Amino acid sequence: MPQAAYVIDQMISAKSIAARIEDLAHEIRTSFEGTDKLVVVGLLRGSFVFIADLVRELDLPVEVDFLEASSYGDGMTSSREVRILKDLRGEIGGRDVLLVEDIVDTGFTLHHVTRLLQTRQPRRLETIALLDKPSRREVDITATWTGFTIPDEFVVGYGIDYAQRDRNLPYIGKVRFTGD
Ligand code: IMP
Ligand code: MG
């Protein structure tokens, strides 16, 4: 099926994102001060740009691992069922862990993945989401740290896709359909 035509209106500039990440990295560093190692877990694929920028601002001993969970299909609607498509490579038992998510929307993904990771008994598990759409929430969950709270718009860029497109935009933009 051909995709409907759309344009992307910039919502958060690359510069604002970078500035916010500097602040978040500072808070995280303070919070995990003294850790022997922080395992930073990126939720694929949407968090790959965010995690890359975040760890480079993080002045702590870090390890990076990835986990892939499915929630959206190829469209714009969320599904309640969350499946693990790719699990972590490393063990997190007894470790300090930071889970990195691109967007918290209904909250199902973050809820499910944090519950799964808790069963592995990390010493401490915190979460960070670049974006939060609280108006869409169906599960009562909030990330420990949030980059930006945004309205109920479908966004792309900075790692986030619409049907696998637009992940390479350096900024966050909202999708606007043009009707042709
Ligand atoms: P949740 O399980 O409904 O909270 O969905 C979280 C996941 O849905 C995020 O990790 C994103 O991959 C995806 N998602 C939610 N909102 C958007 C959006 O506006 N654009 C692109 N992907 C989104
Ligand atoms: Mg996604």
Side-chain angles (χ1 to χ4, degrees), residues 1-14 16-17 20-21 24 28 39-55 64-88 97-119 125-179:
M1 200 172 73
Q3 210 168 16
Y6 65 94
V7 294
I8 298 163
D9 301 321
Q10 181 172 297
M11 185 188 254
I12 307 168
S13 71
S16 315
I17 298 170
R20 184 71 185 120
I21 288 177
L24 290 166
I28 292 164
V39 184
V40 183
V41 173
L43 260 175
L44 292 172
R45 284 172 261 179
S47 73
F48 81 103
V49 177
F50 182 35
I51 195 174
D53 282 347
L54 183 66
V55 295
V64 175
D65 206 340
F66 292 97
L67 189 110
E68 186 170 12
S70 71
S71 67
Y72 275 43
D74 254 359
M76 287 181 156
T77 46
S78 190
S79 73
R80 268 137 241 270
E81 197 202 331
V82 180
R83 284 179 306 136
I84 300 301
L85 302 178
K86 182 205 169 290
D87 207 339
L88 298 176
V97 179
L98 178 67
L99 178 66
V100 182
E101 168 69 306
D102 55 355
I103 309 182
V104 184
D105 188 40
T106 63
F108 282 109
T109 308
L110 192 64
H111 173 72
H112 181 89
V113 174
T114 49
R115 229 177 28 183
L116 171 78
L117 296 185
Q118 287 291 10
T119 65
L125 172 64
E126 303 294 346
T127 54
I128 181 167
L130 178 67
L131 304 174
D132 189 3
K133 292 197 241 178
S135 62
R136 297 253 315 155
R137 200 71 92 253
E138 292 181 40
V139 182
D140 184 22
I141 192 165
T142 342
T144 316
W145 292 281
T146 296
F148 302 89
T149 300
I150 60 167
D152 181 13
E153 301 278 1
F154 196 84
V155 295
V156 292
Y158 198 74
I160 300 163
D161 71 301
Y162 172 32
Q164 301 308 325
R165 291 168 58 178
D166 307 314
R167 291 191 197 272
N168 56 325
L169 290 176
Y171 56 88
I172 301 283
K174 59 181 173 190
V175 168
R176 177 163 53 89
F177 292 98
T178 51

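Counting convention: from 1, in listed order, for ligands and their atoms alike. Since the model is a prediction, treat every value here as computed from it, not as a measurement.
Close approach of ligand 1 to I160 is summarised as follows: ligand atoms under 4.0 Å from at least one heavy atom of the residue are 20 (N), 21 (C), 22 (N). Ligand 1 places these atoms under 4.0 Å from at least one heavy atom of F108: 2 (O), 4 (O). Every atom of ligand 1 is numbered from 1 in the order shown, and the set under 4.0 Å from a heavy atom of T109 is 1 (P), 2 (O), 5 (O), 6 (C). Residue E153 approaches ligand 1 through these ligand atoms, each under 4.0 Å from one of its heavy atoms: 19 (O). If you number the atoms of ligand 1 from 1 as listed, the ones under 4.0 Å from a heavy atom of K133 come out as 16 (N), 17 (C), 18 (C), 19 (O).
Taken from CG in L85 to CG in L44, the straight-line distance is 9.5 Å, to the nearest 0.5 Å. Taking OH of Y158 as the reference point, atom CG of L131 lies at 10.0 Å (rounded to 0.5 Å). Summarising the geometry, atom CD1 belonging to I172 is positioned 4.5 Å from atom CD1 belonging to I17; distances are rounded to the nearest 0.5 Å.
Under the side chain to side chain contact (heavy atoms under 4.5 Å, CB included) criterion, D87 pairs with L67, I84, R120, sequence neighbours left out. Qualifying salt bridge (charged side-chain N to carboxylate O under 4.0 Å, His left out) partners for R176, counting only residues two or more places apart in sequence or in other chains: D9.
Residue-level proximity to ligand 1 for T106 is carried by backbone and side chain together, each with a heavy atom below 4.0 angstrom. When heavy-atom distances to ligand 1 are checked against a 4.0 Å cut-off, I103 comes that close through both its backbone and its side chain. When non-hydrogen atoms are compared, ligand 1 lies under 4.0 Å from the backbone of D161 (N, CA, C, O) but not from its side chain. Using a 4.0 Å cut-off between heavy atoms, R136 makes no contact with ligand 1 at all.
Checked by atom type and distance alone, the side chain of K174 never pairs as donor or acceptor with a backbone atom of M11 at under 3.5 Å.
Comment: R45 does not engage D102 in a salt bridge, judged by the lack of any side-chain N to carboxylate O separation of less than 4.0 angstrom.
Residue contacts with ligand 1: V156 is placed with no nitrogen or oxygen under 3.5 Å of a nitrogen or oxygen of the ligand (distance criterion only). Residue contacts with ligand 1: G107 is placed with a nitrogen or oxygen under 3.5 Å of a nitrogen or oxygen of the ligand (distance criterion only).
Ligand 1 is approached by V155 to a heavy-atom distance shorter than 4.0 Å.
For L54 against I21, the heavy-atom pair with the smallest separation is CA-CG2, 3.9 Å.
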